[in-house]
Each structure stands twice: as C-alpha cells, then as structure tokens.
A.B. asks: 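A single structure is presented below for examination.
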There are 2 protein chains.
Amino acid sequence: MEHVFFPPLSRVAVCGGTHGNELTGVYMVREMQKQTMDKDGPVSVTAVLANPPAVDACRRYIDTDLNRCFTDALLSAPLTDSSPYELRRAHELNAQFGPKGSKEAVDLLCDLHNTTANMGLSLILYSLDWITLHICKYLQSKISSPVRVIQLNIPISEVYSLEAVGKHGLAIEIGPQPHGVVRADIYNMMKKAVDLTLEWLQKFNTGSIFEGGEVEAFTFAKSIDYPRDPTTGEITAAIHPQLQDNDFKLLQPGDPVFMSFSRETVKYEGEPLYPFFVNECAYYEKKIAFHLAQRKNLSIPTISVKRD
Amino acid sequence: MEHVFFPPLSRVAVCGGTHGNELTGVYMVREMQKQTMDKDGPVSVTAVLANPPAVDACRRYIDTDLNRCFTDALLSAPLTDSSPYELRRAHELNAQFGPKGSKEAVDLLCDLHNTTANMGLSLILYSLDWITLHICKYLQSKISSPVRVIQLNIPISEVYSLEAVGKHGLAIEIGPQPHGVVRADIYNMMKKAVDLTLEWLQKFNTGSIFEGGEVEAFTFAKSIDYPRDPTTGEITAAIHPQLQDNDFKLLQPGDPVFMSFSRETVKYEGEPLYPFFVNECAYYEKKIAFHLAQRKNLSIPTISVKRD
C-alpha cells in the first residue's frame, strides 16, 4: 500500500462560537482558554471564539452567517464601512489563522458546531484530505458510538466555512442539541472528539505510522426544502415523524418525508439516499429541510510525518 | 360530593407565538385561522398570533418577554412612546380578550408554548380553578402518555402571563423541542391537547356532568440557578446527565445536578422535590437552571353548566 509523508502538524486552532448560539464550542473554547497550554510541546493549540458579539447575543450571527464568509472571493474583496460585521471578522480570522491557502496558515483548523438534527458526532470535510480522513478514522476506532464522515466536494477556493482557512480543516458537528442550550452529554462527546484529535496530532508528530484502509463517508448529493405556501413562502409541513431523528438511515422512494399541518403525508420520490441535517433549526431560512448523501468507501494511504 | 355550577364557556381564545420562536403554537394557530370555525356553535374559538413581529424574527421577543407583561400593574400603567413593543401589544391583547378580571373577558384563554425541557405535555395553571383543573383531568383521562399539571400559586393581580387575561386560563407547554424548530410529534401532541380542550368545552356547554375527584399537581416551590463565575456571570456548569431529561423525577439530596465544564459534579443539597423546566433555553438569561415542585393531590368538585 502507498505510504505518504507529510510535514509536522504543529500549529492547531480550535474555534467555537462561529455560530453564536451553538454553545458546546463556546463553553469548550472558554474552558480551553483557562487551561495552560503547553506551547512548547509537539502541538501548539490556540482556542478562539470566532464570533464574540453573536455569542454575547446568543444568536447564530449578527449581520450574516460567518461560516459562509471564507470563499476566496469574499476574503479578497476590500472591506468598506458598510461591510457586514461577520465579513470583517472573517478577514480578521483569516489574518490570524491563514491566510487561506498560504504557507503561513495553521496546520489544522478545527471548528466546533452543534445541530438540532440527530446526527450524533459527525465530521465534515470539504475535500479528499488524507490528514483529516486519518483523524476521522482514528476517532471512529476510539469511539464506540457512530462517528459519521461527511464529505462536501467543493473546490477549496469556493469553500465558505472557517476551517478552510487552515492547511487542513475539520468541522466537528454534534447533535441533537437545541441552539442556545448546552447539554452535558453533547459537551462530553465534543470533549472526547477534540481530545482524540489532539492525541492523534501528538502521535503523528512524534512519528506514529497510521495504516491506510477504507473510511466510510457520506458525500453530499442534494438538498430538499420544506413544502411552502407559494404566496407567503411559509412552510406548510413539518418533517414526518418517520424521518425525524433518522439521520443517516437510508431513505427509499415512497418513504414519508413531510407531514403537513393539515395532517397530509408527503412521500419521497427520488433515488435511495441518506438524509442528514434533518430539521436543523438554522436551515429553515436557508430553505433546507434536510440534505441527502451517497454513502461511499474512501481508500486512504498509510501516512506518517516527514522527518527533516 | 359537592356539585358546583358554572355559566357556559362560550368564548375561547387560542393563542400561539406569544414567544415567537416556539413554533408549535405558531403553526397550529395559522392552521386554525385557515379553517372555517363554527362561530354559531356552542363554543366560539378565536385563534391569534400573540407576538407577530417576534414570530417574523423567530425570536422569543423583540424588546421584552410578552409573557411577563400581564400583571395588573403593567396593564394599568399608561403607555408612552418609549414603552417596549411587547407592553403595547399586551395592552392590545388585553383589550381584545379581556380586560383582565372583567365580565367582558373571554371565558377561556389557552396559550400554546414549547420548551427545550423534556416535560412532555404539561398544563400550567396560576390558581386553583375548577374549570381548568377539570380540563386537565379530562386530558389526563384521554391521553395515554403523562399529562402533568403545574400549579403556580400567584395572586391573579400579579399573574404576568397572557392566559391570565381570560376568565379561566391555561398554558399548554410541550417539550422537548428546540426553539425555532417544529417537530411533527410535538405538533400532533399539541393538536390532540387543543382538540380535547375544545371537546371538553362542547360537552360542558351542552350539559355534561363532570365528576369530581383528585388531580395530581406539581406546585412550584423554588428555582435553582446554574453555578456561575462570580466575575463574569457566565455559567460554569451544565445540567448533569443524570438530571438532564428527567423532569418530574424526584430529586433527592446527594443526587448530581450539575457537571462543571472542568468536569466536576455538583450535588443537590435541598429537600426531596420534583424538578421541571430542566435546561429550558430561555431561562439561562432568567438565571434559572430548573424549577422545583412539590407533588400534591388536589380535590375538585363535580361541576356542570348552570342552566338559565
């Protein structure tokens, strides 16, 4: 099997509060900031609240969704007095942890998110990246509950989320948790995921060889909106009880997907696919009731650190 | 057993969106508004969105919590240009469905709420009221899952919530549901509760006799706040996993109640009481981690309508 060598991954950023009402990352970052980090160890970790005004307001964002501001186009456009707060903050974060795509960027940017969907612990990647896929494989091997890998195939220039600023990027998404609420079980799961990620980096930097193999991943296929009133745009149905909380369970043609408020069932008509982000609070305004994915096995090579 | 007669209950208001991000009531009221109501039947039902701007913003409130604006003091104070939006709206609703404490008030005001707490279907009463306690008893007899009655003993002049405007008032509180999300299972439960309430009113008005008996109720004892950093006021712990989702299960001295973000357990030190509203999103800012209640059996008399 192929063996690929990578430079050491010594600078890591862990971000929370990119969405100000997703509280697990907020409290985890604050806790990490209180601890004395070993800056001279093999991994230097910086923990940062990405959107402090949104955290203070306990809202997803102030002017616009920060986690849609990190495309090359938005990061290279000049700021003006009328730029939304989050776009200005995105430029700051890009200066602190990037610039995106540069040699100066942190080696790994790990961004902490919550969802109201029953997605358990999910790891979101924006490209085929052997480093982050190996981290996913490591977490899957160390955690007994399901750890799903979601792969969004978007060219890096168009990736809009904060983790794209790092040389390698990983979003840790855990649910279900209401936004504006912190649950201890979800906090414990996030803590385990972050600790294992840092443990992997330590092992990698100190010479461990990580065997290749296969990683199961869900690759984004398309999004489905709620049924809506054509005049008002209001939704006219909720996710059907048979789909609710069943993220990552294969959806077959004919399966119920929506129940209208007048109690009629709407059935799924497409090809068999895997739903995720089912009934995510923040996606109502984005006109997304759920995403659909294909399930694939990705082959990854054996990797280890490149010795100088 | 005592037999008490009451005048017919012909005018009913069903309100949703008093908190703009509690979506079950929002969509139920909109659906009720679409249906043709039988205004000439024994019960005339008006369905209204209590806080439309907050609904549009998908926030609990715009300026201040509408459901704290209905004390006699706030309803009698003159409005000014600087009055918060919700206080002005409270005066409108009091004019439409009250005035509170008057003969002109609707016979029953039923206000629909959601909570992030695992409270199932709970019915909140602000006084010992034979009518609403009989409605509770009826719902308990018709619904197989638990229907909890919560009684807050507050003098009617100081009751701050919308349902106080009616001659009789009932808040239907269902969870767990994240604010800003509508779940079909919770919607179905709310629909059942509203339909059964209207069914009870029809039966009452057409002469049914409702036998007295006992109703189990949880009476408010006190509120417990989160542990907080004395300097910043930030919470330093989450509800402990052993308490989370265990609303209405007796809390004993020594039981864990909080888990700090540095992973220390805080134990309960008071007398045995029943927790409810455990980890309600909107109560973080009110400095309430959960409420505690005593459990009591309330004796209620046989009732029926007073014939003219």
A.B. asks: Restricting to non-hydrogen atoms, name the atom on B/Gly180 and the atom on A/Cys281 that form the minimum distance, rounded to 0.1 Å.
C.D. replies: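 For B/Gly180 and A/Cys281, the tightest heavy-atom pair comes out as O-SG, 3.7 Å.
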A.B. asks: Go through it in stages, so that I can follow the logic: the residues are A/Val182 and B/Ile235, the test is side chain to side chain contact (heavy atoms under 4.5 Å, CB included), and I'd like the CA-CA distance, side-chain angles, deciding distance and then a yes or no.
C.D. replies: CA-CA 10 Å; A/Val182 57; B/Ile235 67 169; 4.0 Å; yes
A.B. asks: Would you mind checking chain A against chain B for donor-acceptor pairs under 3.5 Å and listing them?
C.D. replies:
unit_1: A/Arg30; atom_1: NH1; unit_2: B/Glu234; atom_2: OE1; d: 2.9
unit_1: A/Val182; atom_1: N; unit_2: B/Tyr284; atom_2: OH; d: 3.0
unit_1: A/Val182; atom_1: O; unit_2: B/Asn279; atom_2: ND2; d: 3.0
unit_1: A/Arg183; atom_1: NH1; unit_2: B/Asp245; atom_2: OD1; d: 3.1
unit_1: A/Arg183; atom_1: NH1; unit_2: B/Asp245; atom_2: OD2; d: 3.3
unit_1: A/Arg183; atom_1: NH2; unit_2: B/Asp245; atom_2: OD2; d: 2.7
unit_1: A/Tyr187; atom_1: OH; unit_2: B/Phe261; atom_2: O; d: 3.1
unit_1: A/Asn188; atom_1: OD1; unit_2: B/Arg263; atom_2: NH1; d: 2.7
unit_1: A/Glu234; atom_1: OE1; unit_2: B/Arg30; atom_2: NH1; d: 2.9
unit_1: A/Asp245; atom_1: OD1; unit_2: B/Arg183; atom_2: NH1; d: 3.1
unit_1: A/Asp245; atom_1: OD2; unit_2: B/Arg183; atom_2: NH1; d: 3.4
unit_1: A/Asp245; atom_1: OD2; unit_2: B/Arg183; atom_2: NH2; d: 2.7
unit_1: A/Phe261; atom_1: O; unit_2: B/Tyr187; atom_2: OH; d: 3.1
unit_1: A/Arg263; atom_1: NH1; unit_2: B/Asn188; atom_2: OD1; d: 2.7
unit_1: A/Asn279; atom_1: ND2; unit_2: B/Val182; atom_2: O; d: 3.0
unit_1: A/Tyr284; atom_1: OH; unit_2: B/Val182; atom_2: N; d: 2.9

A.B. asks: Among A/Ala237, A/Ala238, A/Ala184, A/Ala282, which residue forms the greatest number of heavy-atom pairs with chain B at distances under 4.5 Å?
C.D. replies: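 Heavy-atom pair counts peak at A/Ala184.
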A.B. asks: Using a 4.5 angstrom heavy-atom cutoff, name the option from A/Pro178, A/Pro176, A/Pro241, A/Cys58 with the most pairs to chain B.
C.D. replies: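 Answer, by heavy-atom pair count under 4.5 Å with chain B: A/Pro178.
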